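Report on one structure; see the data block that follows.
Worth saying up front: this structure is predicted, and the values here are computed from it rather than measured.
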Amino acid sequence: MYYSRKKVEEVPEELTEVWSCTNDGCNGWMRDNFAFAVEPTCQLCQSPMTKEARMLPQLVNTNQDQRAVRNAVK
């Protein structure tokens, strides 16, 4: 019965810079290396965001500079 359970593989985490919403009622945040603006606004409530660090699972962004991509599209 319990033989089919697979062991859960541990995901490595790292200290990651993120932008967090300043509105107390909003839980919005995004990774800094996925942000399009130099100082982004919250997409949920349009409040300003502040930079902080969190322990998050490692995630690779193959496009190193999202801000440059955003400026080229304009």
Side-chain angles (χ1 to χ4, degrees):
M1 183 161 160
Y2 294 102
Y3 297 112
S4 64
R5 284 192 174 178
K6 295 181 181 178
K7 291 185 178 182
V8 177
E9 188 175 319
E10 207 173 298
V11 178
E13 293 187 343
E14 65 183 353
L15 193 60
T16 308
E17 289 188 10
V18 297
W19 288 96
S20 294
C21 184
T22 57
N23 185 353
D24 291 334
C26 181
N27 291 329
W29 64 274
M30 71 177 80
R31 292 176 187 252
D32 182 46
N33 62 345
F34 283 91
F36 286 115
V38 175
E39 290 188 26
T41 56
C42 180
Q43 295 296 313
L44 302 174
C45 67
Q46 280 62 46
S47 296
M49 300 183 91
T50 58
K51 205 173 223 185
E52 61 182 46
R54 293 185 184 185
M55 286 299 289
L56 298 173
Q58 288 180 349
L59 188 60
V60 177
N61 184 0
T62 58
N63 187 352
Q64 294 300 319
D65 194 1
Q66 293 288 332
R67 292 167 198 93
V69 172
R70 175 70 180 216
N71 292 335
V73 171
K74 285 185 180 179

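- With rounding to the nearest 0.5 angstrom, the CD atom of E14 is 8.5 Å from the CG atom of L56.
- In this structure, the side chain of S47 does not engage the main chain of C21 through any donor-acceptor pair within 3.5 Å.
- L44 contributes atom CG, which lies 9.0 Å from atom CG of N27 (distance to the nearest 0.5 angstrom).
- Side-chain contact check for E52 versus V18: some heavy-atom pair is nearer than 4.5 Å.
- Atom-to-atom distance recorded for M30:CE and Q43:CD is 5.5 Å, nearest 0.5 angstrom.
- Note that the CH2 atom of W19 and the OG1 atom of T41 stand 11.0 Å from one another [nearest 0.5 Å].
- What you find for P48 and T22 is that their closest heavy atoms are O-OG1, 2.9 Å.
- Atom NZ of K51 is separated from atom CG of D32 by 4.0 Å, given to the nearest 0.5 angstrom.
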| said: Using the rule given for side chain to side chain contact (heavy atoms under 4.5 Å, CB included), can you reason through C42 versus C26, listing the C-alpha separation, both sets of side-chain angles and the distance that settles it, and then say yes or no? | reply: CA-CA 9 Å; C42 180; C26 181; 3.6 Å; yes

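- A distance of 12.5 Å separates CG in L59 from CD in E13, rounded to the nearest 0.5 Å.
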